Amino acid sequence: MKNILVIGSTGQIGSELTMKLRREIDGGTVVAGYIPGSEPKGELLSSGPSEIADVRDGAALAHIVGKYKIDTIYNLAALLSAVAEKKPLMAWDIQMNGLINILEVARENTCAVFTPSSIGSFGLDTPHKNTPQDTLQRPRTMYGVTKVATELLSDYYFFKYGVDTRAVRFPGLISHVTLPGGGTTDYAVEIFYAAVKGEEFVCPIKPGTYMDMMYMPDALRAAVEIMQADPQRLRHRNAFNIASMSFEPEQLAAKIKEYIPTFKMRYEIDPVRQAIAESWPDNMDDSCAREEWGWYPAYDLDATAVDMIAALRQKLL
Ligand code: AKB
């Protein structure tokens with residue numbers, strides 16, 4: 001990886017991944033791709049080039065790839081699970097038509113491509129405990145449908161054309177730089193903002209609902225390390241289960257109370273998000289990622305809570 005295009009660079013993952021790559025990749029360029037209305041600001045804008053990169057415009061993508069001699073594309077453009085249920089056609093357009101534009105540009109210009117999948121690629125029929133790497137994937141959400149199709153299409157371009165596609169299935173991501181928007185796991189971020197601001201948190205997910213979660217530094221390291229992995233060792237490509245912690249809302253609230261004893265939470269269940277959450281794994285088996293490219297998580301729930309609370313106190317108070 002030398003010259004990298006991050007599509008969706010101002011989103012929850014992109015805003016941090018772009019900066020990490022700019023800090024860590026020697027002697028190359030990391031282009032921050034964005035769509036009008038979500039322009040990069042501050043350090044993200046000043047630390048490197050940025051370009052309008054709408055995945056629905058294949059010609060514009062090809063132009064950027066040629067201009068900067070891009071060899072790796074991180075494709076982070078997506079509507080998350082809850083919002084994709086409200087706008088299924090737009091989700092299809094961005095996630096599928098956008099992906100095939102990227103894969104075509106990658107095929108013509110020999111780029112590697114990372115397009116993340118998600119716990120959302122699984123469904124009710126998937127084993128929920130220790131969800132295996134290779135198992136039944138029959139989601140009933142538009143987000144899930146596009147994520148399974150993303151895995152298949154990315155593998156197709158690898159097997160048919162040799163495009164170096166690789167990815168992980170992200171759990172819900174907890175972070176403090178950029179808020180997620182429209183996901184089922186967003187509550188695990190929003191709860192920290194409420195707690196640090198001294199507000200009561202209204203939880204949209206029922207007690208007892210377990211989902212895989214991960215702290216952003218682990219997710220970013222996974223996104224970098226999978227693209228640097230020795231291809232000879234990869235038996236899988238699109239996409240690897242990665243896991244670090246699984247909890248339900250009561251456990252998360254109890255953990256936050258250890259550090260903010262006045263914190264309070266009540267429930268107002270969102271039926272759309274709850275149904276989605278119940279169709280997702282309780283916890284994934286990530287042994288293939290560990291064996292094939294040395295994946296390991298560094299943050300458990302306690303380390304995440306300590307870091308999140310300290311960072312948000314700095315940001316908000
Ligand atoms: C969502 O909740 O939609 C995402 C995801 C788990 O893919 N955070």
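Note that ligands are numbered from 1 as they come in the structure, with each ligand's atoms numbered from 1 the same way. The shown structure was predicted, so the numbers you read here are calculated from the model rather than taken from an experiment. Side chains are part of it too, since the values below use all heavy atoms of this structure and drop only hydrogens, waters and symmetry mates.
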| Proximal ligand 1 atoms for Thr184, defined as those under 4.0 Å from one of its heavy atoms | 1 (C), 2 (O), 3 (O)

| field | Within-4.5 Å side-chain heavy-atom neighbours: Pro207 and Tyr267 | value | yes

| task | Under 4.0 Å from a heavy atom of Ser81: give me the atoms of ligand 1 that qualify, with their elements. | result | 1 (C), 2 (O), 3 (O)

| said: Ignoring hydrogens and geometry beyond distance, is a side-chain donor-acceptor pair present between His236 and Gln133 at under 3.5 Å? | reply: no

| Quick one: which ligand 1 atoms are inside 4.0 Å of a heavy atom on Ile119? | 6 (C)

| request: Pull out every atom of ligand 1 sitting under 4.0 Å from any heavy atom of Trp280, numbered as shown with elements. | output: 1 (C), 2 (O), 3 (O), 6 (C)

| request: For Ser118, counting its heavy atoms only, list the atoms of ligand 1 lying under 4.0 Å from any of them. | output: 5 (C), 6 (C), 7 (O)

| task | Would you kindly specify which portion of Thr185 sits under 4.0 Å from ligand 1, judged on non-hydrogen atoms: side chain, backbone, both or neither? | result | both

| Pairing of Lys129 and Asp282 as salt bridge, 4.0 angstrom limit | yes

| What about Asp186: any of its N or O atoms under 3.5 Å from an N or O on ligand 1? | no

| Asp155 CG to Asn238 CG distance, which is reported to the nearest 0.5 Å | 4.5 Å

| message | Suppose clustering is done on Ile, Leu, Val, Met, Phe, Trp and Tyr with side-chain heavy atoms closer than 4.5 Å. Which residues sit in the same group as Tyr34? | response | Ile52

| said: Check Asp164 with Arg166, please: is the shortest side-chain N to carboxylate O separation under 4.0 Å? | reply: yes

